[in-house]
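Values in this document were obtained by computation on a predicted structure and should not be read as measured data.
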Amino acid sequence: MPSVPPPEAAYDRMRLRQWAHGTARSAGIERRDLLRLVAAASVAAPLAGLATPAQAASATATAPGIVKPLPPEVFTVRGTNAETNFAALRETGLLTPAERFFVRNHTVTPRIAAADWRLRVWGDGLKGPAVEFTYDELRALPSVTRTSFVECAGNARSYYATQQGQPVSGTAWTLGAIGTARWRGVRLADVLRRAGITRHAVDVLPRGLDGEVVSDGINLGHVRRPLPVAKALDDVLLAYEMNGEPLPPDHGHPVRLIVPSWVGIANIKWVGDIEVSAQPLVSPWNTALYRLFGPGYPAEGSAPLTRQTLKSAFELAPGAEFPAHRRQLLTGRSWSGGAPVRAVEVSTDGGTRWRRARLRDEPRSGSWVRWSADWVPGARGPAVLLARATDRSGRTQPNVAVHNTQGYLFDAVVRHEVRVV
Ligand SMILES: Nc1nc2c(c(=O)[nH]1)N[C@H]1C(S)=C(S)[C@@H](COP(=O)(O)O)O[C@H]1N2
Ligand SMILES: [Mo]
């Protein structure tokens, strides 16, 4: 029997139908350009910059447009982005220090002074005219704190190519396009209510103050992605602090969205305005991008992506070496954008035998859980380590992820190659 879809999913299907019939409003981009983008999105391209471990080690410690230092032992630079090396999380606690948090920039980190910043809330989903908030006004509102990961929808995308032999396009992340932080800010719901949101509002569209994005000769405008009001009024934050400090420039200073459990793109950094709309909105980031395309999906793609999926990673470098016959403590993390992780199993023989890892945190939704397992490596030579998580809904990471051309939501068990020496 089919399960009852959550209102979120039903809403997205409705919006998708409206988009297909041309009744959704495209915010700031020509409809024909959007259609061109959607057509291009359904074709997989070779992964640019798929780093082998050797290339990764020699990556320079600079990415154009990222402000913070990117020491090569902590980060692998991929274009305008910086991936956290999972081995560099081994000494960190549940929270990822800002200095080790991955960066995904469509363009360049802008430098914005909190004193000059304004948030403009506007649109036909409000009772009256636009309302502006200064940084101080935002800080004066009741604050909430919440631990949440931010994870790119394309995290682990490179394994479609390297583990499954399937072409995908986009940044060739391994597993490190994720970090978990304690965010403090105000509820988006409080700001929307103060701005006079009406019950006719269906979508809100937060937009970044970073530069306009040009892709294949089409100007996509500023980074922005519609968020259904149901989510916007639920658990979304306008965050101004990360792990007890003001947001650093690369992570959205002075204010960003935190959209718990959802795809990274929903967490708009350097937010400057939010449109509140009484009609469904579309932007490149919920039409041609962040949908699933490929065989098995409709031509216009799946419904826009919402929640992240289930994944596990060892806190080890690729090709890590272990002395034979000496007890090792393997450590790693598992996380889910759906039901919290229930159990993690580890295999040290390529997937033949599995045993339970010890969970070191109480699993919570929207966060990750650290785990560990003992291992006494046997014979010298190559070995393959695997970790697989099961969530409280009973879902277990599969051996193979279902392919989509842009390589989103990879959820299969990753084969981590090591050497016993
Ligand atoms: N304004 C703006 N917001 C943005 C982005 C961006 O380039 N510009 N990138 C998005 C993507 S794709 C991801 S995965 C997350 C990454 O957040 P982080 O760089 O703080 O890790 O920010 C999202 N918010
Ligand atoms: Mo992302």
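Side-chain atoms of Tyr159 and Thr174, non-hydrogen and from C-beta on, do get closer than 4.5 Å to each other. The shortest distance between side-chain heavy atoms of Asp234 and Val236 does not fall below 4.5 Å. Counting heavy atoms from C-beta on, the side chains of Pro226 and Ser283 come closer than 4.5 Å. You'll find the side chain of Ile274 reaches within 4.5 Å of the side chain of Leu119, heavy atoms only. When side chains are defined from C-beta on, Val223 counts as touching Ile265, because their heavy atoms get closer than 4.5 Å. Side-chain contact between Asn85 and Glu73: absent, with no pair of heavy atoms (C-beta onward) separated by less than 4.5 Å. No side-chain heavy atom of Leu188 sits less than 4.5 Å from a side-chain heavy atom of Leu237. Leu209 is listed as a side-chain neighbour of Trp117, based on a closest heavy-atom distance under 4.5 Å.
Of all the heavy atoms in Arg307 and Leu409, the pair that sits closest is O-CD2, 4.0 Å. Closest of all the heavy-atom pairs between Ala201 and Val229 is O-CG2, 3.4 Å. For the residue pair Val213 and Trp285, the shortest heavy atom distance occurs at CG2-CZ2, 4.0 Å. Among all heavy-atom pairs drawn from Gly294 and Thr405, the shortest one is CA-CG2, 4.0 Å. When all heavy atoms are compared, the tightest approach of Val369 to Arg360 is CG2-N, 4.4 Å. Heavy atoms only, all atoms of each residue included: Arg370 and Thr92 are closest at NH1-O, 4.2 Å.
Aromatic ring centres of Phe314 and Trp371: separated by under 6.0 Å.
Panel note: side chain His106, backbone His222; no donor-acceptor pair is recorded below 3.5 Å. Remark: the backbone N or O of Pro363 is not paired with any side-chain donor or acceptor of Asp361 at under 3.5 angstrom. The backbone N or O of Asp210 sits nowhere less than 3.5 Å from a side-chain atom of Lys269 that would complete a donor-acceptor pair. Between the Arg187 side chain and the Val144 main chain, no donor and acceptor come within less than 3.5 Å of each other. The backbone N or O of Arg78 lies less than 3.5 Å from no partner atom in the side chain of Glu83, so there is not a single donor-acceptor pair. Looking at Lys231, its side chain does come within 3.5 Å of a backbone N or O of Pro260 through a donor-acceptor pair. At distances below 3.5 Å, at least one donor-acceptor pair connects side-chain atoms of Arg157 with backbone N or O atoms of Gln406.
By the neighbour-count criterion of 12 heavy atoms within 6.0 Å, atom CD of Glu417 is sparsely surrounded, having that number or fewer from other residues, nucleotides or ligands. In this structure, Arg364 places its CZ atom where only 12 or fewer heavy-atom neighbours from other residues, nucleotides or ligands lie under 6.0 Å away. Other residues, nucleotides and ligands contribute over 12 non-hydrogen atoms within 6.0 Å of the CZ atom of Arg31. More than 12 non-hydrogen atoms from other residues, nucleotides or ligands lie less than 6.0 angstrom from CD of Glu212.
Across Leu257, Val263, Asn267, a single residue satisfies side-chain contact (heavy atoms from CB on, under 4.5 Å) together with Arg225, and that is Val263. For the side-chain contact (heavy atoms from CB on, under 4.5 Å) criterion with Thr309, the lone passing option out of Asp411, Asp391, Asn155 is Asp411.
Residue Thr147 holds its OG1 atom at 11.5 Å from CH2 of Trp368, rounded to the nearest 0.5 Å. Atom CG in Leu281 sits 12.0 Å away from atom OG1 in Thr287 (nearest 0.5 Å). A distance of 11.0 Å separates OG1 in Thr331 from CZ in Arg358, rounded to the nearest 0.5 Å. Distance CD1/Ile178 to CH2/Trp173: 12.0 Å, rounded to 0.5 Å. The structure places CG of Asn404 at 8.0 Å from CG of Leu305, a figure rounded to the nearest 0.5 Å. With values rounded to the nearest 0.5 angstrom, Ser372 atom OG is found 9.0 Å from Leu330 atom CG.
In this structure, the side chain to side chain donor-acceptor pair (under 3.5 Å) partners of Glu241, at least two apart in sequence or on a different chain, are Arg139, Arg184. For Trp122, the side chain to side chain donor-acceptor pair (under 3.5 Å) partners two or more places apart in sequence, or in a different chain, are Asp273.
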Just do the salt bridge (Lys or Arg N to Asp or Glu O under 4.0 Å) check on Arg224 and Glu275 with the steps written out, would you? CA-CA 10 Å; Arg224 63 201 187 285; Glu275 177 179 356; over 6 Å; no
Working for salt bridge (Lys or Arg N to Asp or Glu O under 4.0 Å), residues Arg36 and Asp216: CA-CA 10 Å; Arg36 247 171 79 201; Asp216 296 329; over 6 Å; no
Would you please test Asp136 and Thr134 for side chain to side chain donor-acceptor pair (under 3.5 Å) and show each step? CA-CA 5 Å; Asp136 288 343; Thr134 66; 5.5 Å; no
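Under the 4.0 Å criterion applied to side-chain N and carboxylate O atoms, Arg100 and Glu91 are assigned as salt-bridge partners. A salt bridge is absent between Lys68 and Glu99; no separation between the charged side-chain nitrogens and carboxylate oxygens falls under 4.0 Å.
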Can you give me every donor-acceptor pair (side chain of residues 107-115, partner residue at least two apart or in another chain, under 3.5 Å) with its distance?
from	atom 1	to	atom 2	distance (Å)
Thr109	OG1	Gly65	O	3.1
Thr109	OG1	Asn105	ND2	2.8
Thr109	OG1	Asp250	OD1	2.7

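Aromatic ring orientation, Tyr408 versus Tyr290: parallel (interplanar angle below 30°, classes split at 30° and 60°).
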